[in-house]
Amino acid sequence: MPTSSRRQSPTAADGLRLESRRAGLVTANGPRTGGLIVCVVILGAAVVLSLGVGARDIALPTVWAALTQFDPANDEHLIVLQLRVPRTVTALVVGPALGMCGALIQAFTRNPLADPGILGVNAGASFAVTIAVGVFGVTAPWGYVWFALCGAAGATVLVYMLGSLGHRQADPIRLTLAGVAISAALGGITTALTLANRDAFQDLRFWGVGSVGGRDLGIVVGLSWLIAGGLVLSLAMSRSLNALALGDELATSLGVRTGTVRVGVIVAVTLLAGTATALAGPIAFVGLMVPHVVRWFVGPDQRWIALYTLVCGPILLLLADVVGRIILPNGELRVGLVTAIIGAPVLILLARRRMASGL
């Protein structure tokens, strides 16, 4: 038998090299694992802040007592359980959805400056919800979440079609321009419909600027399965997105079904952005900031970006909500406005960074 066709048995040197590679992998992933643990600890602290800090600060022992030994006659217990727990849970559900949606879109378009707001996904969901409320009289999230999903899916497909018009595939610049155009058009129509029928949108005035407050806990938990499905799908595609970042031809040669991955991304983005918008309104810049900052620390591996984004997304949303409660002497600044105030200068800084437009 020719020597080339023989199956060579592993030698001690081969085993040593394999162990070295494994040790190197563990060493490389060690700091990432440690950083993820730190982020989980920060998330726990953000949850505590969300439950205790606001227009009326509540001590940590009182918060714990409200959660374990609720007294309906205690005003502070009522504040914690009826007001702050639902908004904290909403942020914990919406935060990962917005962050992961941004990570998917950035990997899908190979543009680190892309997010659901810039590419028109949030605008599509908001427009559909506006149609549901203003035209069909649907005012409950159970009803208009399906409109939001359809709007998010329609906007995603439309932007991708416009971005790839006349070319074999879309590039980041065309997708961004198409997304900005679609966002502006749908945003203008949404504003016009809202102003034309103020009575119908009276109960949704805070939803329109993005808010995690005032949400019914049962509705948030009931719709969270849609977001959970989107997150599971996103994690399942993270390895394929690594290959897709190398280009379609190379990804195909590595055995990745690029068409299936693209359809999966659209489905995941629809579930995440549509449900998050239905629950909390159009909250911008979370999907831009979180994956981009995470990429600085963990590199371009989509698996680690996805894991970090799951934790860092709610951290940003919770802290922004806490800031919004205390920044004004009277009243509250909604979380969508806080993320916009933070996100606008961050976007400018990111755009000015060298190599900001490439993944």
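Side-chain atoms of Trp146 do not come within 3.5 Å of backbone N or O of Gly143 as any donor-acceptor pair. Remark: side-chain polar atoms of Asp115 are not paired, donor with acceptor, to backbone N or O of Gly102 under 3.5 angstrom. No donor-acceptor distance shorter than 3.5 angstrom exists from the side chain of Arg84 to the backbone of Ile79, with no hydrogens or angles considered. Under the 3.5 Å distance criterion, the side-chain polar atoms of Thr277 are left unmatched by any main-chain donor or acceptor of Gly274. The main-chain N or O of Asn242 is never found under 3.5 Å from a side-chain atom of Gln302 such that the two would form a donor-acceptor pair. Between the side chain of Arg295 and the backbone N or O of Ile305, no donor-acceptor pair lies under 3.5 Å. A distance-only check finds no donor-acceptor pair linking the side chain of Arg334 to the backbone of Trp207 [under 3.5 Å]. In this structure, the side chain of Ser238 engages the main chain of Leu235 through a donor-acceptor pair within 3.5 Å. A distance-only check finds a donor-acceptor pair linking the side chain of Ser183 to the backbone of Gly179 [under 3.5 Å]. A donor-acceptor pair is defined here as one N or O able to donate and one able to accept, closer than 3.5 Å; such a pair exists between the side chain of Arg32 and the backbone of Val298.
Between Ile189 and Leu193 there is a side-chain heavy-atom pair separated by less than 4.5 Å. Side-chain contact between Arg262 and Arg257 is absent, with no heavy-atom pair separated by less than 4.5 Å. In this structure the side chain of Phe70 never reaches within 4.5 angstrom of the side chain of Val80, judged on heavy atoms. For the pair Phe127/Asn122, no side-chain contact is recorded, criterion being any heavy-atom separation below 4.5 Å from C-beta on. With contacts defined as side-chain heavy-atom distances shorter than 4.5 Å, the pair Thr275/Leu149 qualifies.
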Exercise for the section: Step by step, work out the side chain to side chain contact (heavy atoms under 4.5 Å, CB included) result for Leu104 and Leu241. Expected result: CA-CA 8 Å; Leu104 286 176; Leu241 287 173; 3.6 Å; yes
Problem - Stepwise side chain to side chain contact (heavy atoms under 4.5 Å, CB included) check, Leu162 with Ile182 - result: CA-CA 10 Å; Leu162 292 175; Ile182 294 298; 3.9 Å; yes
Handout entry: Residue pair Ile342, Met289: steps toward the side chain to side chain contact (heavy atoms under 4.5 Å, CB included) verdict
Key = CA-CA 9 Å; Ile342 299 173; Met289 290 186 286; 3.9 Å; yes
Exercise for the section: Just do the side chain to side chain contact (heavy atoms under 4.5 Å, CB included) check on Ser234 and Leu272 with the steps written out, would you? Expected result: CA-CA 10 Å; Ser234 303; Leu272 296 173; 3.8 Å; yes
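Screening Val121, Ile105, Leu119 against Thr156 for a side chain to side chain contact (heavy atoms under 4.5 Å, CB included) leaves a single residue, Val121.
Comment: Arg56 does not engage Glu332 in a salt bridge, judged by the lack of any side-chain N to carboxylate O separation of less than 4.0 angstrom.
Looking at every heavy atom in both residues, Leu318 comes nearest to Ala91 through CD2-CB, 3.5 Å. Of all heavy-atom pairs between Gly95 and Leu317, the closest is N-CD2, 3.6 Å.
For Leu67, the CG atom sits in a packed shell: over 12 heavy atoms of surrounding residues, nucleotides or ligands are nearer than 6.0 Å. The local environment of CH2 in Trp64 is sparse, with at most 12 non-hydrogen atoms from other residues, nucleotides or ligands closer than 6.0 Å. Atom CZ of Phe297 has 12 or fewer heavy atoms from other residues, nucleotides or ligands within 6.0 Å.
Of the N and O atoms on the side chains of Asp321 and Ser50, not one donor lies less than 3.5 Å from an acceptor on the other residue.
Checked against a 6.0 Å centroid threshold, the rings of Phe136 and Tyr144 do not count as neighbours.
Here the CG atom belonging to Leu254 is positioned 11.5 Å from the CZ atom belonging to Arg239, to the nearest 0.5 angstrom. Here CD1 of Ile326 is found 9.0 Å from CG of Leu49. Values are rounded to the nearest 0.5 Å.
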